[in-house]
Structure formats: structure tokens, C-alpha cells
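Structure first, then comments.
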Amino acid sequence: MTGRARARSRGRARGQETAAPGVSKAAEIEPVAVPLGKGEPVGRGRTKAAPGPFVAEAVQQISVGFQQVKLGERGGRHRDFHDAGVNTRQAMEHVRESKSGTTGSAIQLTANFFRILSRPQWALYQYHVDFKPQMESRRLRFALLLSHDEVLGSARSFDGAQLILPHKLQNKETVVHSETRQGEKVQITITLTNELPPTSPLCIQFYNTTFRKILRMLNMQQIGRNYYNPGDPLHIPQHRLTIWPGYTTTILQYESAIMLCTDVSHRVLRDETVLDFMANLKQQCGSQRFHVVCTKELVGLTVLTKYNNKTYRIDDIAWDHTPNNTFTRGDKEVTFKNYYKTQYGLDITDGNQVLLVSHVKKAMAGAPPPGPAMLIPEFCYFTGLTDKMRADFNIMKDLSAHTKLSPEQREGRLIRFISSIHSSPPLTNWVMLYTRRNRNEAQSLLQFLQKVSGPLGIRLQRAVMVEYEDQQESLLRALQHSVGQQTQMVVVILPSNRQDKYSTVKKYLCVDCPTPSQCVVGRTLSRPQALMTVATKIALQMACKIGGELWSVEIPLKQLMIVGIDCYHDSCAGKRSIGALVASLNQGMTRWYSKCVLQHKGQEIMDGLKMALNGALKDYMKFNNCLPTRIIVYRDGVGDGQLQSVVSYEVPQIIESIKTMGKDYEPKLTVVVVKKRISCRLFAHINGKVSNPPPGTIVDSAVTRPEWYDFYIVSQAVRMGSVSPTHYNVVYDTSGLKPDHMQRLTYKLCHMYYNWQGIIRVPAPCQYAHKLAFLVGQSIHREPSIHLDDLLFYL
């Protein structure tokens with residue numbers, strides 16, 4: 001059996017090829033039809049020659065469906081492993097309508113499938129690109145086309161002839177002009193050929209490609225078709241083995257929706273290097289047969305280089321090369337020995353070892369064919385198990401303890417994996433300010449933040465530490481010198497809870513230099529036993545302030561915008577009113593648009609918030625490529641006797657603001673007045689005892705007003721005292737939502753407040769609006785910068 005056949009029989013998949021010493025850098029080739037990366041020569045319809053002129057027949061042939069594409073002819077890694085387009089059920093008349101059984105008992109199940117939620121009316125647009133005169137070089141075609149960012153946008157995919165965009169260009173045929181370095185004028189014609197709905201096969205491939213890119217952004221390493229996490233290894237020292245945990249992922253169209261199917265996978269790595277193996281093999285078979293036997297054993301295997309966590313397939317052995325040989329790097333000749341010393345700080349101990357050869361299979365578009373990757377056996381580690389290891393009962397038993405997970409363990413691992421996908425953006429550039437008195441607390445907080453960030457799915461790098469004097473002017477100077485445009489987050493440890501220093505931080509970072517910030521009083525960090533809990537809460541706040549989505553609830557209503565409105569009266573500015581509006585931007589209610597307006601005494605609150613609502617609708621349009629078809633407004637901060645003002649003045653103002661988006665735009669609108677300060681108390685009689693009603697209790701009769709559409713919700717559980725329900729009064733409604741749906745939606749929104757890991761008394765947008773208005777009225781006294789509108793900077 002050949003080395004390649006042996007590798008396949010043992011299930012050893014090929015690793016991805018990456019650039020190594022002696023190799024021209026090549027783009028990674030994904031087994032999908034649509035690439036994402038800039039300049040990656042992937043996708044169906046590639047031609048080595050320049051693309052020809054566009055003809056009408058091509059419109060009907062490009063991307064009409066994968067049923068017409070001969071996937072089997074592509075072979076190798078480019079096979080369609082999911083058998084898209086094979087429809088056998090339609091030929092069976094007895095199961096054409098339904099394939100579900102009717103007997104048996106129903107039980108509750110969950111599965112390792114996660115629904116993919118895309119933006120409403122989301123689609124891909126496919127274009128044919130024609131160059132006049134024709135350009136033979138693919139690299140030149142890329143450079144000429146992708147220089148038109150102002151027309152195409154930054155998100156695009158181009159394979160030399162076919163262009164994929166997530167948005168539609170204004171005209172069906174777009175003509176742009178470029179110029180080569182030699183001054184030659186080139187006309188580029190971009191013609192729309194197809195609009196692909198989210199369920200089309202090409203879009204499914206696009207989803208899978210995008211998801212793999214996300215996994216690479218999480219520093220996961222591809223081995224074969226799966227991705228593994230080298231940053232969380234499991235060591236089995238008694239057998240010299242290491243296990244990398246990983247996941248299999250597939251996105252497909254299933255019965256009810258497009259879903260991600262993911263499962264836990266493990267990759268076993270041996271602590272034995274290829275050099276160790278070759279030395280043992282030479283002792284066993286002798287020098288005469290060593291070359292033949294070694295080639296037979298090694299060729300076809302996948303090895304890991306730990307200095308860069310990359311995998312390579314051994315294609316050959318360079319018996320005439322040693323680490324003392326040279327390769328061309330830039331314009332200089334460098335020995336392999338010196339390269340590894342300067343690049344990775346590694347010393348090669350055996351200068352006579354031969355080198356391993358791994359061929360890079362594909363070159364970047366327009367680039368010359370790459371040379372082979374030359375690997376040092378001393379730094380290459382085997383992956384997978386030998387037949388002898390598989391036959392060893394003790395090894396397999398110890399491996400099973402880590403790899404055979406119980407249903408509870410497996411479900412928990414999958415949920416943590418999905419949570420890491422939803423984690424906040426990486427925090428790579430952030431600053432922590434502290435006084436000399438709080439230096440130890442600052443170092444402890446930094447250590448605990450780094451400790452808790454991993455399990456929370458927050459990628460946190462070390463902060464820039466800045467010390468300031470315990471004076472307001474010194475704090476402001478430190479902020480001015482250490483915070484720049486690239487700063488993502490500022491954490492300030494305050495020696496006391498004095499309002500003036502807190503206001504200095506918030507005013508500068510919300511108005512003058514818009515940056516999310518987190519203030520912590522030093523006394524909070526003084527108790528070591530509580531520091532882990534404090535660090536966890538601070539990490540969660542930091543994550544959501546930079547745009548992270550901590551959790552979500554399922555809301556089935558599509559193209560829905562939830563709006564929360566509250567107001568605050570600024571006593572420092574002569575009873576000036578601050579109105580705050582917070583509006584949802586996505587389906588999961590995890591992204592919010594926030595706007596605050598300052599108004600003079602006696603001015604109606606909606607006078608300023610009309611423009612805020614208009615800005616929220618425009619932001620929703622930018623985020624979803626469509627306007628919401630249903631808007632629900634929760635109006636908090638309405639005092640006794642002000643209901644008539646809301647009905648007769650604010651509701652018409654809201655309708656008028658919506659009409660400014662277009663004459664034909666008429667979304668369904670609901671306005672709900674929220675009141676917390678009420679006298680109503682509810683008591684539950686359970687098992688002969690009087691107690692508080694459980695969370696989720698709804699009262700919509702008997703104690704409600706006959707002339708109103710109102711209800712009470714008990715959303716919280718309290719440890720002491722009697723629980724207070726919240727009163728909801730629907731004063732305007734054209735949505736037609738059933739009372740059940742309205743009540744359930746309202747209760748769900750009480751779970752979406754990111755500053756508390758539980759349920760709050762009012763829907764999250766109301767509490768967000770309250771926090772924003774309170775911050776402006778108490779500390780800033782000015783409108784925050786527009787650069788913070790899409791962030792929950794006020795938590």
C-alpha cells in the first residue's frame with residue numbers, strides 16, 4: 001500500500017497548505033463556489049484566458065442552479081459533499097405531500113441545528129465583468145476592478161470574470177474606467193446577470209464560506225474539512241498525545257429554515273516529531289532500505305508545525321537538502337537555519353537532517369506557480385493515531401475520557417461554541433487609567449479580565465496602562481494624551497465616587513473624543529474574594545459597549561422595529577428636559593440606535609425626538625436594506641394626567657415623522673404607554689399560602705380599565721417584599737397583533753437588558769432610553785457625539 005493510500009485508509013485528511021520558507025505566498029483555495037477574500041481565485045466559471053465579451057445566452061446559463069452544474073466532474077476537494085440538487089422525493093407520489101409518520105408518542109427534543117437569521121429581503125447579486133481591451137493577467141483584472149470602492153463597496157467577491165455583491169448597483173449595466181500603470185485606458189462593463197434569493201444554492205455556498213472565515217477570525221485551524229482550536233488543547237502526557245477540540249459545520253436548507261448543523265470533533269496530535277520517527281525507523285530497517293521505507297511511511301501523512309499552528313501534507317522528501325541549504329527571501333539568499341532562528345527564535349539541533357516537501361497546489365490569480373514548502377522534520381509533529389495506538393486499550397480508554405462526551409457535555413460545548421460566534425469584536429486597542437493608590441487594584445482587575453474573557457467569548461488583549469494624579473485636571477490631561485481615534489475602549493479606575501471626576505470622563509469621551517468607556521470605583525476592586533464576579537460583570541459591560549451581542553431571545557415577527565422613549569428633567573439647567581429614543585436595528589433585538597435631544601422648559605418631548613425617529617429609520621434602512629413594516633413604540637416617563645397629551649399630540653407626531661420616509665411608506669404602528677409607579681399589587685394563592693405571582697404573570701381583565709386596551713405584567717421575582725407589576729396601555733394600534741402576541745413580545749423584551757443578567761421591570765428599550773437620558777442629564781449636559789449612536793455606550 002502506498003503512503004497516500006495508507007493515509008486515506010486511516011482517515012487522515014489533507015491539511016491546508018500555507019506559505020513556508022522557499023514558497024511563493026499563495027491564496028488559500030476553498031471548496032466553494034463563491035470566495036470572500038480579496039483576490040482569491042475561487043468560484044465557478046474560472047478561465048485561464050481573459051473573459052470574453054458578454055452575450056445574452058450567458059445570462060440564462062450563469063447560476064441558474066446547481067442542478068445544471070456537473071459537480072461530480074470537478075472531483076477531489078471540489079465535490080459537492082451535500083448532494084445539492086438531488087430531488088428523489090418528488091418522484092414518489094405517496095410521500096410528495098408529507099413524509100411524516102403519525103404513530104408513536106411525542107417527546108421533547110433539541111438538536112445540534114441552529115437557525116441562520118439573515119436580514120430581511122437579503123440577496124446576492126451576480127454580475128459579469130467585461131474588460132475592453134481584454135486583460136490577460138488575472139492579477140491586473142483584480143487591481144483594475146477592485147479599485148472602484150466608491151461604486152462596488154468594500155464587500156465583494158471576484159474571480160476574474162464573475163462578481164458577487166451583497167447589494168444591487170443602480171443600473172443593470174454599470175461602466176467604469178481604469179488606467180494601467182503604463183497609461184493604457186481600460187473600460188470595465190459590469191452587467192447584472194442574476195439575483196439570488198437567500199435559499200439559492202449559490203447563497204448556501206456563500207453562507208458556508210462566510211462561516212469558515214469567521215472560524216479563522218477566531219484563530220481556529222483547519223485540518224481536513226473541520227476547524228480546531230489550538231488555544232485550548234487537552235494534554236495526555238502518559239501517552240505523549242495532545243487533543244485539539246474542534247467542530248464540524250455545515251449550513252444547508254432544511255425543512256423549516258436555513259440552519260447550521262455543528263458537532264464536536266477532536267483532532268489527536270502526537271508529541272513525536274518526524275525527526276524522532278525517522279531516527280527510530282533507521283535503527284529498525286538499517287541504512288540500506290531506509291530511503292524506500294521512510295518515503296513509503298511518510299508520504300501522504302499530515303503534520304503540524306507548532307511554531308505557526310499550520311498543517312501540511314508530506315508530498316516528498318528532499319534527500320539532498322539540509323537546514324544549511326539556502327532559499328531566496330526577497331532579494332537575499334537565506335539558510336533555513338538562520339530563517340527559523342530570526343523568524344521564530346528556534347534553534348535547529350541536527351544540521352544534517354533532510355527536509356520534507358509539501359507542494360502548494362494553487363497559486364494566487366495572476367501569480368507564477370509557487371514552489372514547494374520545505375519543512376524541518378525536527379519541528380513537524382504527527383497528527384492522528386497509528387494502528388498500534390488504536391490497538392492499545394489503555395490509550396483508547398484515556399482518549400475516550402476526553403472525546404466521548406455525554407449529551408449534557410456535548411450540548412454545553414455546542415452552546416459555548418455558538419456563543420463565541422456571537423461574541424463581541426476583538427478588543428485589541430484599549431486603555432486603563434488608574435491612580436498610584438489604585439495601582440494594585442488595576443493590575444488585579446487586568447489579570448481577572450483576561451481570565452474571564454475567554455469563557456465569555458471576548459477576545460481581549462493587554463491594555464495600555466496609564467497612571468494619573470488624583471486630580472480632575474490630571475485625569476483630563478491623561479485622557480487627552482492616551483485616547484486616540486483608534487482606541488476602542490477606556491477603563492477608568494476612580495479613587496472615589498465623586499460626581500465631578502465621573503462627569504469629566506463621560507463628557508470628554510462622549511462628546512469631545514467619542515469612545516466607549518467604563519468607570520470603576522477603586523473600593524469595588526478592594527475585595528479579592530469578589531474580584532472574579534466584578535471582573536465578569538465589567539467584561540460583559542465592555543463587550544456590549546463596543547457592539548457585542550451578549551444574548552438574544554427569539555422574536556418571530558419579521559421587519560420589526562422596537563422603539564423606547566423616556567425623558568429626564570435636568571435640574572442643573574433650569575429644569576431643561578432631556579428626551580431619549582432607542583430603536584432596534586436587527587431581528588434579534590441585540591443592536592440598538594440611540595439618540596438624545598435637549599429641550600427647553602415647556603417644549604414638547606416629541607418636537608426633538610421626531611428627528612431622532614427619522615434617524616433611527618434611516619439607520620435601520622442602512623442596516624437591513626429595507627424599512628421596517630411594523631413599528632412598536634414603548635413610551636415611558638408619562639406622568640399622571642399626561643395621557644391625553646400622548647394620544648392627541650405625540651402619536652400624530654410619530655406618524656408624521658414616519659411619513660417623511662416616503663409617501664408610499666405606511667408601516668403598522670403600535671404605541672404603548674408604560675407606567676411603573678402604580679398602586680396595583682397582585683397576590684398569588686398557591687398551596688394555601690399568599691405569595692408573589694411568578695414572573696410572566698399577566699392580568700388583562702377585572703382590574704384593568706374598560707375604556708383602555710391595557711394589561712399588567714409581573715416580569716420579576718423579588719426576594720423581599722411584594723412584587724410590583726408594570727402597567728401597559730396600548731393607546732394606538734394598527735398592527736392587528738393579538739393580545740397574546742403583544743403581551744408575550746413585551747415580556748420577552750424585559751429579558752434583553754444587557755446591564756443585568758436577569759429580567760427587568762420594563763422592556764429593554766425603555767430602560768436603555770432611561771439610562772441614556774439620565775447620563776446626559778446628570779453628567780454630560782450636552783448631546784453625545786453621533787459616532788456613538790449605534791453603541792450602548794451609556795450602560
Side-chain angles (χ1 to χ4, degrees), residues 560-570 575-584 592-620 627-662 665-678 704-705 707-711 726-737 742 745-746 749 762-774 776-777 783 789:
L560 168 68
M561 173 188 273
I562 301 291
V563 179
I565 297 175
D566 200 358
C567 60
Y568 176 85
H569 299 292
D570 187 355
K575 287 288 182 180
R576 186 171 58 175
S577 295
I578 292 97
L581 180 144
V582 175
S584 64
W592 301 90
Y593 171 88
S594 309
K595 198 70 178 175
C596 201
V597 293
L598 281 67
Q599 300 183 150
H600 298 294
K601 185 179 179 181
Q603 190 178 1
E604 291 290 345
I605 198 72
M606 275 311 298
D607 289 347
L609 290 181
K610 279 197 303 183
M611 294 302 297
L613 179 57
N614 194 262
L617 289 169
K618 289 179 180 177
D619 219 32
Y620 188 99
L627 287 168
T629 57
R630 192 188 303 269
I631 300 173
I632 299 178
V633 179
Y634 289 92
R635 172 68 161 95
D636 202 351
V638 177
D640 295 331
Q642 295 181 342
L643 187 62
Q644 185 60 48
S645 174
V646 173
V647 175
S648 60
Y649 183 78
E650 292 191 12
V651 171
Q653 292 287 84
I654 292 172
I655 296 172
E656 183 182 330
S657 179
I658 292 172
K659 286 182 178 178
T660 61
M661 299 302 295
Y665 179 54
E666 296 181 356
K668 297 175 181 178
L669 175 66
T670 304
V671 180
V672 186
V673 173
V674 182
K675 288 190 72 173
K676 303 184 292 293
R677 297 176 182 175
I678 55 176
T704 56
R705 299 275 289 269
E707 69 273 22
W708 293 350
Y709 171 17
D710 61 332
F711 54 90
T726 302
H727 183 250
Y728 298 92
N729 185 6
V730 182
V731 298
Y732 184 86
D733 185 22
T734 60
S735 69
L737 277 180
M742 189 70 216
L745 172 64
T746 302
L749 290 172
V762 295
C766 291
Q767 190 64 18
Y768 286 142
H770 170 75
K771 290 286 288 185
L772 175 58
F774 185 81
V776 174
E783 289 189 21
D789 284 354

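By convention here, the first residue in the shown sequence is residue 1. Below, each value reflects all heavy atoms present in this structure, side chains not excepted, and no hydrogens, waters or symmetry copies.
Rounding to the nearest 0.5 Å gives a distance of 4.5 Å between CD1 of I658 and CG of L669. To the nearest 0.5 Å, atoms SG (C567) and CG (L581) are separated by 12.5 Å. One finds the OG1 atom of T734 at 9.5 Å from the CD atom of E666 (value rounded to the nearest 0.5 Å). Rounding to the nearest 0.5 Å places OH of Y568 at 12.0 Å from CG of L598. Atom OH of Y665 and atom OG1 of T660 lie 10.0 Å apart (nearest 0.5 Å). Put simply, CD1 on I632 and NZ on K668 are 11.0 Å apart, with the number rounded to the nearest 0.5 Å.
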Quiz item: Can you check side chain to side chain contact (heavy atoms under 4.5 Å, CB included) on M661 and L627, steps first, answer last?
Solution: CA-CA 9 Å; M661 299 302 295; L627 287 168; 3.8 Å; yes
Self-check item: V762 vs K676, side chain to side chain contact (heavy atoms under 4.5 Å, CB included): CA-CA, chis, key distance, verdict
Solution: CA-CA 8 Å; V762 295; K676 303 184 292 293; 3.4 Å; yes
Quiz item: side chain to side chain contact (heavy atoms under 4.5 Å, CB included) between E656 and Q653: does it pass, once the steps are laid out?
Solution: CA-CA 5 Å; E656 183 182 330; Q653 292 287 84; 3.4 Å; yes
Quiz item: Hey, mind stepping through V730 and F711 against side chain to side chain contact (heavy atoms under 4.5 Å, CB included) and telling me if it holds?
Solution: CA-CA 9 Å; V730 182; F711 54 90; 4.2 Å; yes
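A side-chain donor-acceptor contact under 3.5 Å links S584 to the backbone of I562. At distances below 3.5 Å, at least one donor-acceptor pair connects side-chain atoms of T746 with backbone N or O atoms of M742. Judged purely by atom type and a 3.5 angstrom limit, D710 uses its side chain to pair as donor or acceptor with the backbone of R705.
Taking each heavy atom of Y728 and V672 in turn, the nearest pair found is CB-CG1, 4.0 Å. Summarising the geometry of D619 relative to Y593, their closest heavy-atom pair is OD2-CD1, 3.4 Å, with the distance given to 0.1 Å. When all heavy atoms of K595 and D789 are compared, the pair lying nearest together is NZ-OD2, 3.4 Å. When all heavy atoms of L617 and P628 are compared, the pair lying nearest together is CD2-CG, 3.8 Å. Taking each heavy atom of A580 and A769 in turn, the nearest pair found is CB-O, 3.2 Å.
A 4.5 Å side-chain heavy-atom check between L643 and W708 finds at least one atom pair inside the cut-off. Side-chain contact between I654 and Y732 is absent, with no heavy-atom pair separated by less than 4.5 Å. The shortest distance between side-chain heavy atoms of Y634 and V563 does not fall below 4.5 Å. Counting heavy atoms from C-beta on, the side chains of P765 and W592 come closer than 4.5 Å.
Each of K610, R635, Q642 was scored for a side-chain hydrogen bond (donor to acceptor under 3.5 Å, both in side chains) with E650, with one residue passing: R635.
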